[in-house]
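Residue numbers run from 1 in the order of the sequence given.
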Amino acid sequence: MSTTSAVVTALAAGLVLGISSVADQRSTKRVQTAKAGSAKILLELVRQPLWLIAIGANIVGFALQVAALDFGSLALVQPLLVTDLIFAVLIARWLAWRRGEPLPGGRRALVLLYVGVSAAAVGVAGFLIAGRPSGGHGDLGFSVLIPLVIGLVVLVGGCLAVAARKENLRPLALALACGLNYGVAAFAIKLVTTEFGGGPARVFTNWPIYLLAVVGPLGFILNQNALQEGTFLAPVQAIITTTDPVISIALGVLWLGVVLRTSPLDIFGQVASLLLMTVGIIMTARVAPQAAGSPPAEQTSEKQAR
């Protein structure tokens with residue numbers, strides 16, 4: 001029953017987060033460009049009603065993710081959250097269709113779009129079937145925090161350095177930094193959910209809740225900057241969507257005792273499924289329509305210059 005609850009709740013989270021992503025990107029395009037990774041973008045966004053709607057959806061999606069992680073393991077829940085990209089792309093395409101906007105590339109691009117979406121979905125399902133991830137445990141000592149923070153600082157710092165120096169790579173570097181933070185945040189959420197039974201005292205006297213309080217907001221700020229910098233929704237969302245489960249599953253296997261099936265056939269199935277999921281996400285990112293209502297970057301720049 002808990003596995004079913006985890007799957008249903010994670011899919012619901014994917015749908016709500018997909019809706020949030022589309023609204024989020026549309027609203028970030030309406031504000032002035034801030035310095036890469038800057039929190040100042042939030043001061044502009046808070047004046048956007050659409051962004052406030054996106055925030056509400058984000059909160060609901062986050063709550064559903066917490067519930068899903070309480071029901072199931074990281075390796076089960078996080079791959080299912082890949083569906084947020086699938087839902088975001090389909091919603092963006094539907095909005096574009098409603099507005100009468102043709103998809104660049106015509107019918108061929110539309111076919112490739114749905115093939116990519118289907119490949120990503122099948123890849124997720126295949127990984128879960130082949131891996132059959134165990135629940136693992138959530139009792140970790142403080143010593144885990146040190147290498148985790150060092151690794152995160154090095155990787156995110158590298159992404160921010162690239163974003164500051166390479167304008168053409170900025171949205172992708174910010175998206176990667178965001179995905180790293182979201183993966184660690186999911187790891188921290190799983191640790192926090194295992195402490196719910198001990199009440200608030202146990203939750204707030206252990207380090208995972210404070211790690212989450214840092215990486216969650218940081219990932220969110222990076223997400224806003226990445227969406228604003230990127231002309232199209234899908235490439236940015238694809239990187240975030242891919243990085244998040246990979247990082248969280250790796251941390252779960254490394255420290256939480258999450259076990260995946262290890263027979264040669266199962267390993268082959270897991271690797272093949274992850275490759276299929278990645279190819280599907282990349283394909284979707286290349287041909288997906290721009291989020292409805294988001295003007296190209298050059299148009300945004302011209303408006304700001306006026």
Side-chain angles (χ1 to χ4, degrees), residues 2-30 41-42 45-74 76-95 120-121 124 175 178-179 181-196 200 203 208-209 211-228 233-234 236-238 240-241 243-245 248 291-294:
S2 61
T3 298
T4 302
S5 300
V7 170
V8 172
T9 310
L11 290 175
L15 172 60
V16 176
L17 291 172
I19 294 171
S20 174
S21 294
V22 176
D24 209 347
Q25 204 235 11
R26 290 183 66 186
S27 57
T28 57
K29 288 299 183 182
R30 300 175 182 178
I41 189 175
L42 300 181
L45 286 172
V46 76
R47 303 173 187 173
Q48 299 288 331
L50 184 61
W51 186 74
L52 297 178
I53 293 173
I55 291 301
N58 243 320
I59 293 172
V60 173
F62 175 75
L64 289 169
Q65 181 185 6
V66 172
L69 286 169
D70 191 29
F71 289 131
S73 74
L74 274 171
L76 171 65
V77 172
Q78 291 306 108
L80 288 172
L81 293 181
V82 168
T83 56
D84 71 343
L85 172 66
I86 297 172
F87 287 125
V89 167
L90 294 178
I91 292 167
R93 178 60 201 142
W94 178 75
L95 290 173
V124 171
C178 172
N181 277 276
Y182 279 175
V184 174
F187 175 70
I189 290 171
K190 183 59 183 177
L191 295 178
V192 171
T193 60
T194 61
E195 298 171 348
F196 283 167
V203 170
I209 189 69
L211 174 65
L212 177 60
V214 173
V215 296
L218 178 57
F220 178 75
I221 292 170
L222 291 167
N223 193 358
Q224 305 311 297
N225 280 271
L227 288 173
Q228 184 194 42
L233 167 68
V236 166
Q237 195 68 16
I240 296 172
T241 301
T243 307
D244 182 348
S248 59
S294 301

Minimum heavy-atom distance between [X] and [Y], given as atom pair plus value:
{"X": "Thr243", "Y": "Gly179", "value": "CG2-C, 3.6 Å"}
{"X": "Trp51", "Y": "Phe220", "value": "CZ2-CZ, 3.7 Å"}
{"X": "Leu64", "Y": "Ala13", "value": "CB-CB, 3.6 Å"}
{"X": "Leu211", "Y": "Ala188", "value": "CD2-CB, 4.1 Å"}
{"X": "Thr9", "Y": "Ala67", "value": "CG2-CB, 3.9 Å"}

If you measure from [atom1] on [X] to [atom2] on [Y], what distance do you get to the nearest 0.5 Å?
{"X": "Asp244", "Y": "Gln65", "atom1": "CG", "atom2": "CD", "value": "6.5 Å"}
{"X": "Cys178", "Y": "Leu218", "atom1": "SG", "atom2": "CG", "value": "8.5 Å"}
{"X": "Leu11", "Y": "Phe87", "atom1": "CG", "atom2": "CZ", "value": "6.5 Å"}

Check whether any side-chain N or O of [X] sits under 3.5 Å from a backbone N or O of [Y] as a donor-acceptor pair, and report yes or no.
{"X": "Ser21", "Y": "Leu17", "answer": "yes"}
{"X": "Ser73", "Y": "Leu76", "answer": "yes"}
{"X": "Ser27", "Y": "Asp24", "answer": "yes"}

[X] vs [Y] side-chain heavy atoms within contact, under 4.5 Å:
{"X": "Val215", "Y": "Phe187", "result": "no"}
{"X": "Val124", "Y": "Thr83", "result": "no"}
{"X": "Gln78", "Y": "Leu81", "result": "yes"}

Open item on the list: Going by side-chain contact (heavy atoms from CB on, under 4.5 Å), Leu74 matches just one of Leu191, Leu69, Ile189. Which one?
Closed with: Leu69
